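These figures come from a predicted structure and were not determined experimentally. Read the numbers this way: they start at 1 and go in the same order the structure lists the ligands and their atoms. FYI, the numbering just counts along the sequence from 1.
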Amino acid sequence: VPDAAEAPKSFNPLDPELIEDPHPTYRAMREGGTLHEVPGLGMYAAFGYEAVLEVLKEKGGDHQYVELQKLRVGPNAPQEPYCRGAMNFVLMKRGEDHKRVRGAFIRAFTRHRIERLRPQIQATADHLIDAFADDRRVEIIEAFAMRLPLRTISLMLEVPEADQDRIVELMEGFALALQWIPLNATQLQKANEAITGLDRYFRELIADRRRHPHDDLLSALIAEADAGHLTEDELVSNAWGLYAAGHETTGAEIGNAIIALVEHPEQLRLLLEDQSLIPSAVDEIMRHRGLSQATQRSFPHPVSIAGRDIPAGTPVLAYMASGNRDEQIFDDPDRFDIRRTQPVRHLSFGAGAHTCAGQHLAVSEIECAIAALFTRLRGIRVESIDFNQEAILFQGPRRMVISWEADQKR
Ligand code: HEM
C-alpha cells in the first residue's frame, strides 16, 4: 500500500497494476483530490463518492459511443454492423431516445417477473453444483458463475438451452465492440460477424415468438415494439443486449463474491449462521468488490464537477469502485463487514439516468449463487485466480479454481 509520499502524481487508467488490486491507487488519488486530470489522454477522472455521483447525475451526459468508434475504426464506423447494432442498445442511447427505450425496457422487465423467477434461479444453481459437487475441485467461473446468469437470461427470454453456447461465442466477438483500443481488420471482422450472427438469431426468434407469444420477457418487449415504443432494430439489439449487459457482468461478480467471502472467513461464518444476512452481504460485496470500476461520460456543454470547470466534449471517467471506498462517506471503508449499515447506496450499479436496469435480477442471482455454493460445499478454498486482463474497467476473475471438503447434502 503506497503511503501519501509515494502517491502517484498522475493516473493511468491502463496501468496493469489496477487489474488485481486497484484500491491502493484509488486511495492515493483520493488523497490528492476528488477529481483529477488524466495526463496525455485529454480526460478527467473522478474518485470521490460525491464527485462520481455528480458526473453520473449531470444532465446530458452520455457515452459518445459513435464518436468513440470513429476514433477506433475511422469515419465509416457508423456503417459497420457492430456499431449499428450496439448503438441501438439502451446504454448507448442519449436524451429523449434513451428515455423512450429505457421506459419500454423497464415496463417489460418488471420486478414481479424477476421475483417469479427466483425458485428457478435457485434450482439452476443447485443443478449446476450437482454436476461437480463430488469432484472436490472445479474451475468455478465457467462451471457455475457464468452459467447461472446465462441460464437465467435465457429463461427470461425463453432461449432454448441448445442455442445458448452459440450466443456466448458470439458475445465474445461483441465484447470487442465495447472496448477502447483501435480495432485491427481481423477484430473488426470478428465484431461484425458476431453482431450479424446475433442479429440473425434474434430476428428469427422474435418472428417465431410474435406468432406464438408467451408470458416471457421477449414477448413483453415485442409488445412494446408493436405498440410503437421501440423500433424493430431497437427490439433486436435490446434482446441480445441483455446477454451483453447481464451475463459476464453477473458471472464475474459471482466470482468476486466468492473471493470476498473466502478472504473473510469470520464474515462467511456469520453468514452461514444467519442466512437473513444474505441481502446485506450482497450489498457489502457490491460495495467492497464491485465489478464495474468506472464508466465514462461526455457532455455537449461545459460542466462544473467538484468545483472544476470541464470543457464541452471532454470525457470524464467516474470511478465508482473508488467512490465506494471513500473515507469521507464510509467508516473504515476497506473493512469488509456484511452487517455494515451503509450510510448511502454503493455506486456499483451506476447512478442517474443510466442506472443498471437489471440490478434486481443481478442481486437475486448473486444471493442464490452464494447461498447454494457455501451451504453445499463446506470449507471452500480459492486455489488460483486468473483476472480478466483485457476489460480495463472491470475487475473480476476470468478463471478461478476452488476446492472444498465435501458436499454436505450427500
Ligand atoms: C453484477 C452484475 C451487474 C453489474 C455490476 C452491472 C453494472 C451496471 C452499470 C455500472 C451500469 C451503468 C453503466 C453506465 O452508466 O455507463 C449498468 C447499466 C445497465 N445494466 Fe447492469 N450490471 C449488472 C447486471 C445486469 C443485468 C443482470 C442486467 C439485465 C439482464 C443488466 C442490464 C443493464 C442495462 C439494460 C443497463 C443500461 C441502462 C441504461 O442505459 O439506461 N445489468 N449496469
Side-chain angles (χ1 to χ4, degrees), residues 46 52-53 55-58 61-65 68 86-95 97-111 113-114 117 121 145-146 148-157 159 171 178 217-218 221 230 234 237-257 260 282-283 285-298 315-321 323-324 345-370 391 393-396:
V52 170
L53 261 190
V55 176
L56 296 178
K57 291 199 164 170
E58 177 72 35
D62 68 65
H63 280 263
Q64 301 258 320
Y65 180 73
L68 193 66
M87 64 201 245
N88 275 319
F89 182 53
V90 55
L91 184 60
M92 312 314 181
K93 293 270 179 183
R94 50 176 77 163
D97 243 11
H98 172 255
K99 252 192 220 156
R100 174 179 54 78
V101 175
R102 184 175 169 103
F105 190 87
I106 299 279
R107 279 192 300 274
F109 200 67
T110 57
R111 195 73 182 261
R113 203 181 282 290
I114 295 164
L117 209 64
I121 302 177
M146 291 292 172
L148 186 62
L150 176 67
R151 296 277 187 272
T152 305
I153 298 168
S154 302
L155 272 170
M156 294 197 91
L157 295 173
V159 168
M171 274 299 149
L178 296 180
L217 176 60
L218 188 58
L221 287 169
L230 294 174
E234 286 166 347
S237 287
N238 285 285
W240 57 251
L242 281 174
Y243 286 95
H247 171 219
E248 289 210 16
T249 46
T250 312
E253 191 64 61
I254 291 172
N256 281 344
V282 172
D283 240 21
I285 288 163
M286 294 301 304
R287 183 193 72 84
H288 198 266
R289 230 177 212 283
L291 169 82
S292 293
Q293 300 298 292
T295 185
Q296 181 238 314
R297 292 289 186 272
S298 299
V316 187
L317 288 167
Y319 273 85
M320 302 170 296
N324 285 340
R345 182 107 186 95
H346 66 70
L347 298 168
S348 296
F349 288 123
H354 289 277
T355 307
C356 180
Q359 58 183 285
H360 300 298
L361 179 64
V363 165
S364 185
E365 292 176 72
I366 301 165
E367 287 179 358
C368 292
I370 60 175
L393 295 183
F394 287 146
Q395 196 221 359

**Student:** Is a donor on one side and an acceptor on the other found under 3.5 Å between the side chain of S348 and the backbone of M286?
**Tutor:**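 Present.
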
**Student:** Heavy atom under 4.0 Å from ligand 1: found in A353's side chain, backbone, both, or neither?
**Tutor:** backbone

**Student:** Ignoring hydrogens and geometry, is there a side-chain-to-backbone donor-acceptor pair from H247 to L242 under 3.5 Å?
**Tutor:** no

**Student:** Side chain, backbone, both or neither: which part of H63 has a heavy atom under 4.0 Å from ligand 1?
**Tutor:** side chain

**Student:** For a 4.5 angstrom cut-off between non-hydrogen side-chain atoms, does T295 reach L56?
**Tutor:**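 When only atoms from C-beta onward are counted, L56 and T295 do touch, with a gap below 4.5 Å.
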
**Student:** Would you check the N or O atoms of T249, main chain and side chain alike, for any that come under 3.5 Å of an N or O of ligand 1?
**Tutor:**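 N/O-N/O distance below 3.5 Å does not exist for this pair.
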
**Student:** To check your reading of the model: name the closest protein heavy atom to atom 26 (C) of ligand 1, its residue, and the distance in Å.
**Tutor:** G246 CA, 3.4 Å

**Student:** For atom 28 (C) of ligand 1, find the nearest protein heavy atom and state the residue, atom name and distance (0.1 Å precision).
**Tutor:** G358 CA, 3.5 Å

**Student:** How close does the nearest protein non-hydrogen atom get to atom 25 (C) of ligand 1, and which residue and atom is it?
**Tutor:** A245 O, 3.5 Å

**Student:** Is there a heavy atom in F105 that sits closer than 4.0 Å to ligand 1?
**Tutor:**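 Flag set, F105 near ligand 1.
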
**Student:** May I ask whether G290 has any heavy atom positioned less than 4.0 angstrom from an atom of ligand 1?
**Tutor:**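 No, that is not the case, since the closest heavy atom of the residue is not under 4.0 Å from the ligand.
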
**Student:** Identify, for atom 12 (C) of ligand 1, the protein heavy atom at the shortest distance, and state residue, atom and that distance.
**Tutor:** H354 O, 3.5 Å

**Student:** Is there a side chain to side chain contact (heavy atoms under 4.5 Å, CB included) between L393 and Y319? Walk through the geometry before answering.
**Tutor:** CA-CA 9 Å; L393 295 183; Y319 273 85; 4.1 Å; yes

**Student:** Nearest non-hydrogen contact with atom 41 (O) of ligand 1 belongs to which option: R297, M286, R102, E253?
**Tutor:**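 Minimum heavy-atom distance to atom 41 (O) of ligand 1 goes to R102.
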
**Student:** So which of I153, L361, T295 gets nearest to atom 16 (O) of ligand 1, if we judge by its closest heavy atom?
**Tutor:**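 Nearest heavy atom to atom 16 (O) of ligand 1 lies in T295.
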
**Student:** At what distance is the nearest protein heavy atom to atom 6 (C) of ligand 1, and which residue and atom is it?
**Tutor:**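 Nearest protein contact, heavy atoms only, for atom 6 (C) of ligand 1 is F349 CD2, 3.7 Å.
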
**Student:** Could you tell me whether the side chain of N324 and the main chain of H346 form a donor-acceptor pair under 3.5 Å?
**Tutor:**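 A pair under 3.5 Å: no.
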
**Student:** Considering only protein heavy atoms, which is closest to atom 13 (C) of ligand 1, and at what distance to one decimal place?
**Tutor:**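 Sorting protein heavy atoms by distance from atom 13 (C) of ligand 1 puts L91 CD1, 3.7 Å first.
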
**Student:** With the side chain counted from C-beta on, respond yes when L221 and N238 share a heavy-atom pair under 4.5 Å apart, and no when they do not.
**Tutor:**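 Not touching, per the 4.5 Å side-chain cut-off.
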
**Student:** Using a 3.5 Å distance criterion without hydrogens, assess whether the side chain of T355 forms a donor-acceptor pair with backbone atoms of G352.
**Tutor:** yes

**Student:** Classify the contact between K93 and ligand 1 as side chain, backbone, both or neither, using a heavy-atom distance cut-off of under 4.0 Å.
**Tutor:**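 Contact part for K93 vs ligand 1: neither.
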
**Student:** Is the closest side-chain heavy-atom distance between P149 and I254 below 4.5 Å?
**Tutor:** yes

**Student:** Who's closest to atom 10 (C) of ligand 1 heavy-atom-wise, of S348, A257, C356?
**Tutor:**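 Going through S348, A257, C356 one by one, S348 has the nearest heavy atom to atom 10 (C) of ligand 1.
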
**Student:** By number and element, which atoms of ligand 1 are closer than 4.0 Å to a non-hydrogen atom of A362?
**Tutor:** 1 (C), 2 (C), 24 (C)

**Student:** Give the atoms of ligand 1, by number and element, whose distance to some non-hydrogen atom of G350 is under 4.0 Å.
**Tutor:**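 So the atoms of ligand 1 that pass are 10 (C).
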
**Student:** Is the shortest side-chain heavy-atom distance between H354 and R297 below 4.5 Å?
**Tutor:**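 A side-chain contact exists here, since the closest heavy-atom pair is under 4.5 Å.
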
**Student:** With the side chain counted from C-beta on, respond yes when I121 and L155 share a heavy-atom pair under 4.5 Å apart, and no when they do not.
**Tutor:**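 In short, these two side chains do not touch, never coming nearer than 4.5 Å.
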
**Student:** Number the atoms of ligand 1 from 1 as they appear, then name those within less than 4.0 Å of a heavy atom of L242, with their elements.
**Tutor:** 29 (C), 30 (C)

**Student:** A side-chain contact here means heavy atoms from C-beta on lying under 4.5 Å apart; do H98 and V90 qualify?
**Tutor:**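 Sidechains of V90 and H98: in contact.
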
**Student:** Flag the pair Q293 / L317 as yes when at least one side-chain heavy-atom distance between them is below 4.5 Å, and no otherwise.
**Tutor:**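 No, every pair of side-chain atoms sits at 4.5 Å or beyond.
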
**Student:** Give yes or no for whether the N/O distance cutoff of 3.5 Å, strictly under, is met between Q359 and ligand 1.
**Tutor:** no

**Student:** Could you identify the single nearest non-hydrogen protein atom to atom 36 (C) of ligand 1 and state the distance to 0.1 Å?
**Tutor:**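 Nearest protein contact, heavy atoms only, for atom 36 (C) of ligand 1 is A357 N, 3.9 Å.
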
